[in-house]
Amino acid sequence: MDWRKCRSFQEAKARELILKEAPSFHPRFFLALDVSYARGYAFTAALLYDALTGKEVEKKDAVSRVNIPYVPTYLSFREIPPILRLLSSWDVSWDCLLCDGQGVMHPRRFGLASHLGWLLKKPSVGIAKSALCGSFSPPGPEKGDHSPVTDKEGSLLGYVWRNRACTKPVFVSPGNLISFEKSLDVVRMVSGRYRVPLPLHRADKMTKESRKGAQV
DNA sequence: GCGACAG
DNA sequence: ATCTTGTCGC
């Protein structure tokens with residue numbers, strides 16, 4: 001991997017992101033994505049969630065070989081190949097992507113959710129379980145409590161969001177084609193009762209389930 | 001130079 | 001992320 005080229009790529013493409021939704025953006029169907037690893041294989045899961053009924057509509061998983069290592073700030077280069085492989089073999093449509101990782105809350109404003117949203121030209125939101133960059137004050141203890149995450153210059157990067165009372169908060173940021181405010185609304189729509197928003201919680205379970213039943 | 005560092 | 005036992009709380 002040529003990380004210098006990856007870095008230039010991130011810097012260039014981050015300028016093409018649109019942190020604003022279309023006027024007609026009223027998302028109902030969300031596609032949650034997650035990937036887990038074992039013995040050189042990536043176990044990818046995608047789950048289509050209907051926020052109106054609160055139920056999952058469809059789901060699919062896939063297994064791929066992985067060579068690219070995890071290097072902080074370059075996660076998307078490792079996860080996107082297996083994710084695209086799954087999506088290309090599946091006829092599914094959705095309004096917004098939910099990714100297990102950062103959106104623009106990234107040193108070069110181009111985390112996994114942004115990279116995917118940019119590639120697919122679709123709205124996306126990044127939801128990460130820990131911080132990669134930025135500073136913030138801890139949000140209150142109740143579900144829904146949140147505080148802004150900013151960079152050194154004071155620009156907004158996203159929010160630290162308490163998805164469940166008295167539990168470690170998650171980091172929410174827009175990926176592409178959605179605003180900061182709307183990305184928080186999206187998380188409210190799919191929050192559920194776990195630490196991580198429901199669709200992503202389920203996608204994570206799928207990923208581990210497919211790994212358990214793998215003969216590789 | 002040192003520490004931090006999504007999954 | 002993964003490895004890995006018990007343990008605390010609803």
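These numbers come from a predicted model, not from an experiment. Chain identifiers are assigned alphabetically (A, B, ...) following the order of the sequence lines, protein sequences preceding nucleic acid strands; residue numbering begins at 1 within each chain.
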Please check the phosphate of [N] (OP1 and OP2 only) for any side-chain N or O of [X] closer than 4.0 Å.
X       : N      : value
K129(A) : dA6(B) : no
Y37(A)  : dG7(B) : no
S36(A)  : dG7(B) : no

Checklist entry - 5'-most contact on DNA chain C: D204(A) or R164(A), nearest heavy atom basis? => result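 The 5'-side residue here is D204(A).
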
Next on the checklist: Check D100(A) with K129(A), please: is the shortest side-chain N to carboxylate O separation under 4.0 Å?
Outcome noted: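 So K129(A) pairs with D100(A) through a salt bridge.
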
Item to check | Note: R109(A)-D151(A) ion pair, threshold 4.0 Å (strictly below) | outcome: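 The answer is yes: the pair qualifies as a salt bridge.
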
Item to check | Cation-pi geometry met for R202(A) and Y49(A) (6.0 Å, 45°) | outcome: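 The answer is no, since R202(A) fails at least one limit relative to Y49(A).
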
Next on the checklist: Suppose we call two aromatic rings close when their centres sit under 6.0 Å apart. Are F171(A) and W161(A) close by that rule?
Outcome noted: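 Ring centroids of F171(A) and W161(A) are no less than 6.0 Å from each other.
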
Using atom [atom1] of [X] as one end and atom [atom2] of [N] as the other, report the distance to the nearest whole Å.
X       : N      : atom1 : atom2 : value
D100(A) : dG7(B) : CG    : C1'   : 7 Å
F171(A) : dA4(B) : CZ    : P     : 16 Å
L33(A)  : dA1(C) : CG    : P     : 15 Å
F43(A)  : dA1(C) : CZ    : P     : 15 Å

Item to check | Closest nucleotide among dC5(B), dG7(B), dA1(C) to the D34(A) side chain | outcome: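 The answer is dG7(B), which lies nearest to the side chain.
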
Checklist entry - K208(A) side chain: which of dG7(B), dC5(B), dA1(C) is closest? => result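 Looking only at side-chain atoms, K208(A) lies closest to dA1(C).
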
Checklist entry - When we call it a touch if two heavy atoms are under 4.0 Å apart, what does F110(A) touch: a base, just sugar-phosphate, or nothing? => result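 Nothing, no heavy atom under 4.0 Å.
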
